[in-house]
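Just below is one structure, and these are the notes that go with it.
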Amino acid sequence: MRTELHRHLTNALDDVRNLGILAHVDAGKTTVTERILYATGTTHKRGEVHDGTTVTDFDSQERDRGITIFAAAVSCTWAGHRINLIDTPGHVDFADEVERSLRVLDGAIAVFDAVAGVEPQSESVWRQADRHAVPRIAFVNKLDRAGADLDTAVASILDRLHTVPLVVQLPIGREDAFAGVVDLLRMRALVWADGRDTYEEREVPDALRDEARRRRRLLEETVAELHPAALEEFCDRSELSGRTLAGALRDLTRTGDGVVVLCGSAYRNRGVEPLLEAVVAYLPSPLDVPPVRGMSGDTEQERAADPAAPFAALAFKVNATATGRLTYLRVYSGTVRKGETVLDAGTRRSERIGRILRVRADRHVDVDTAVAGDIVAVIGPKSARAGATLCAPDAPLVLEPPAVAEPVVSVAVEARRSTDTERLMAALVRLAEEDPSLAVRTDPETGQTVLSGMGELHLEVAAEKIRRAHVLELRVGRPQVAYRETPVRGVSGLVYRHVKQDGGAGQFAHVVIDVEPLEATGGDDGESAAADFVFRSAVVGGRVPQEYVRAVEAGCRDALVEGPLGGHPVTGVRVTLTDGSTHPKDSSEMAFRTAGRFALREALRAGATALLEPVVELTATVPDDAVGGVLGDLAARRGRVSGSTARAGTVVITATVPLAELFGYATRLRSRTQGRGTFTTRATGYDRAPASVSGTAAAG
């Protein structure tokens, strides 16, 4: 009986798809999600973003702003397959939500605007998916818009994403006349008549027959170049059968060697059913992805997606609601039942699973169990945070948590009424638990409570959430960016002696250090980025024992917390311990740690130090008649324009701008473009700040 149950659960895993919707702001992610829910019968009325009636944008701020802010999970079924879907944000300020989602997904749908093609944030989330090796299919949306062109969008996928697009559909009609697609695998026309929610299958129209044959041939040739089995059949028969072509497309999608491209108009409900069919056909099930790896003690272990294996799940999102604390889990192996006790492998604390919920955004359905491959929410764990591993107590395993980006923008927050200070701190701590990309700290010099995040909008949303959810009135100060300091001229042979004698055992440490700047190195995206800190010892003859060398390094790291210019963290430093001496009685690790700290501080003051400020790549889309004013404003903000592209009455301007100069930019851009301009930003690292900024930052 147990064997039959295990076989049934394993077979059921083959019918599961865990996928996300990825795209730039306003490419139509949420509308695609809504149409998927409608097509699968999960909802019986189509939700609209502009009406505030969508399922996944259920938060009041999302409906007010018309954008996705929080990743929302939904479950639905299609053709006997269960689809666990996560609608992710498209704004760069919420890229950390995308990162946590991608960590637990097996596949994704990348949505592109048929007019704009690959936009900046589309490229960013594509790179994020690359890092996680998440297979994707592409959906070119909004083909009913003026200026929409599938071939132009596909060309931008090829040029900007450096992947091979495998176009499997041909649009029927252009712009307002878009009525359906030709399925190039089956060579059939799929047409959505006005007023109908499902397509009718017809013969390919005569006017498109030659073009469809040409594109089918091009698809076969491209696939044959990439897939060995397809190449063999193509060489033998000079064509590919539909079965071979579909199998090759599935293999290329899962290896990442190509991306299947479909098209449609989600708003007009055209192209959604073929998209779902492609999800089932090409994207992997939990059984198709490699076993998850984790650490059990000092050894690395693999856990396959097996319901009978020991339980292991990753918490990727925590949400405090009026009904309790929801912890969202991706179950990688084993089975968990409500009422069971599990182990938080990181903290070694036991947690009880009170309820297990199948999620549909802000609505939930209770279930008794969750098995490998499931994405569910649980109620019960009190301290598990995003990134925690929950596992069987008798088989502990720590899974790698999602990477958390370092916050770059800060605001000072305080309660308007002093009696609300404790409530505010509790609300901030809860907010940081829900969103790991938010950080809360108390400035030791000013005593201010500082909230840090990924951007101005990110912090604005966080403050508004406290106001609404906790009914607290806040004062929010001007955001301050996270500056860094770096040496530009080093010091050689700096001698520091730490001697202290005040009764009893004394303290003695003598060190000689060289301090020099570190050369910039290439970052992940090709930008230059300074390494943080490198320490090495060149002491000979054992004049400084190894345990004291490690203490000197620890002291130097202590000194990097505050630089000499304005107390900002120091980066890009190489320290070499060249000499030193000890005392037979008074030397200790603490003495050498203290000596290392003060020696590096003195060296940084003696040398020359520069201020680094965070910079972002800004992409602004503005009308033709407003380009001059926008360029002038960017120049006033110390922006360096790197390119501009004309596109259907608008100009897309790309520039590198210091983050500190962008506060309030949204309002300025709207006023200069009569509300028609939009912009997005992407963090690119740090750059040398001019003397005027250095003086202001040091004074602050």
Side-chain angles (χ1 to χ4, degrees), residues 17-25 27-30 32-33 36 68 71-73 83-113 117-141 153-154 156-166 249-262 275 278-279 282-286 288-290 292-293 314 316-317 330 332 375 386-387 399-405 437 454 523-526 680 682-683:
R17 299 291 184 273
N18 294 317
L19 62 125
I21 309 290
L22 312 174
H24 187 88
V25 176
K29 298 180 309 301
T30 300
V32 169
T33 305
I36 287 176
T68 300
I83 298 175
N84 297 318
L85 186 65
I86 297 181
D87 179 22
T88 65
H91 196 286
V92 67
D93 279 17
F94 309 104
D96 203 63
E97 286 271 328
V98 182
E99 184 73 20
R100 293 197 299 275
S101 299
L102 284 170
R103 174 64 179 81
V104 300
L105 293 173
D106 300 328
I109 300 171
V111 181
F112 301 98
D113 188 315
V118 176
E119 297 172 272
Q121 189 61 11
S122 305
E123 191 172 351
S124 295
V125 296
W126 189 273
R127 302 298 175 218
Q128 285 179 281
D130 280 342
R131 290 198 298 272
H132 291 279
V134 174
R136 280 141 282 169
I137 59 177
F139 182 69
V140 178
N141 191 27
V154 169
S156 70
I157 292 174
L158 178 65
D159 293 341
R160 299 195 61 178
L161 303 182
H162 308 294
T163 189
V164 180
L166 305 169
L249 290 172
R250 179 173 59 252
D251 293 341
L252 294 172
T253 298
R254 295 178 183 183
T255 60
D257 293 323
V259 56
V260 172
V261 180
L262 302 96
L275 178 62
V279 164
Y282 306 129
L283 292 180
S285 74
D288 298 319
V289 298
V292 69
R293 292 175 176 268
L314 184 70
F316 66 95
K317 183 178 174 67
R330 162 65 194 265
Y332 283 100
I375 292 179
L399 302 176
E400 182 182 355
V404 179
S437 61
M454 303 309 300
D524 290 342
D525 298 319
T680 58
R682 180 172 63 91

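Computation of the quantities below employed the complete heavy-atom set of this structure, encompassing side-chain atoms and omitting hydrogens, waters and symmetry-equivalent molecules.
A search for side chain to side chain donor-acceptor pair (under 3.5 Å) contacts involving Glu123 returns Arg160, not counting sequence neighbours. Remark: Arg254 pairs with Asp288 by the side chain to side chain donor-acceptor pair (under 3.5 Å) rule, at least two apart or across chains. Listed by chain and number, the residues in a side chain to side chain contact (heavy atoms under 4.5 Å, CB included) with Val154 are Leu150, Pro165, Val167, Val261 (sequence neighbours excluded). For Val292, the side chain to side chain contact (heavy atoms under 4.5 Å, CB included) test picks out Arg303, Tyr332, Leu399, with sequence neighbours left out. Judged as a side chain to side chain donor-acceptor pair (under 3.5 Å), and not counting sequence neighbours, Asn141 has no contacts. Partners of Pro402 by side chain to side chain contact (heavy atoms under 4.5 Å, CB included), not counting sequence neighbours, listed by chain and number: Arg100, Arg103, Leu314. Contacts of Asp257 classified as side chain to side chain donor-acceptor pair (under 3.5 Å), with partners at least two apart in sequence or in another chain: Thr255. Applying the salt bridge (charged side-chain N to carboxylate O under 4.0 Å, His left out) rule to Glu99 yields the partners Arg131; only residues at least two apart in sequence or on another chain are considered. By the side chain to side chain contact (heavy atoms under 4.5 Å, CB included) test, Ser156 is found to be paired with Val118, residues two or more places apart in sequence or in another chain being considered.
Residues Thr253 and Pro135 approach most closely at O-CB, 3.3 Å, considering heavy atoms. In terms of heavy-atom proximity, Leu102 sits nearest to Ala129 at CD1-N, 3.6 Å. Between Ala23 and Ser122, the closest heavy-atom pair is C-OG, 4.3 Å. Contact between Ala108 and Leu22 at its shortest, heavy atoms only, is CB-CD1, 3.7 Å. Here the closest heavy-atom approach between residue Gly28 and residue Val111 is recorded as C-CG1, 4.4 Å.
At least one donor-acceptor pair closer than 3.5 Å links the side chain of Thr88 to the backbone N or O of Ile21.
The distance from the CD1 atom of Ile157 to the OG1 atom of Thr163 is 8.5 Å, given to the nearest 0.5 Å. The OG atom of Ser101 sits 10.5 Å away from the CG atom of Leu85 when rounded to the nearest 0.5 Å. Going from atom CG of Asn18 over to atom CD1 of Ile86 covers 8.0 Å, rounded to the nearest 0.5 Å. Atom-to-atom distance recorded for Ile109:CD1 and Ile36:CD1 is 4.5 Å, nearest 0.5 angstrom.
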Dump the intermediate steps for salt bridge (charged side-chain N to carboxylate O under 4.0 Å, His left out) on Arg293 and Glu400, then the final yes or no. CA-CA 8 Å; Arg293 292 175 176 268; Glu400 182 182 355; over 6 Å; no

Determine, stepwise, if the pair Asp106 / Leu283 fulfils side-chain contact (heavy atoms from CB on, under 4.5 Å). CA-CA 8 Å; Asp106 300 328; Leu283 292 180; over 6 Å; no

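Counting only heavy atoms from C-beta outward, the side chains of Leu166 and Tyr282 never approach each other to under 4.5 Å. At a threshold of 4.5 Å between non-hydrogen side-chain atoms, the residues Leu161 and Val259 do not count as touching. Under the 4.5 Å side-chain criterion, counting only non-hydrogen atoms from C-beta, Arg136 is in contact with Asp130. Taking the side chain as every heavy atom from C-beta outward, Val32 and Leu275 approach each other to under 4.5 Å. At least one side-chain heavy atom of Pro286 sits less than 4.5 Å from a side-chain heavy atom of Arg330.
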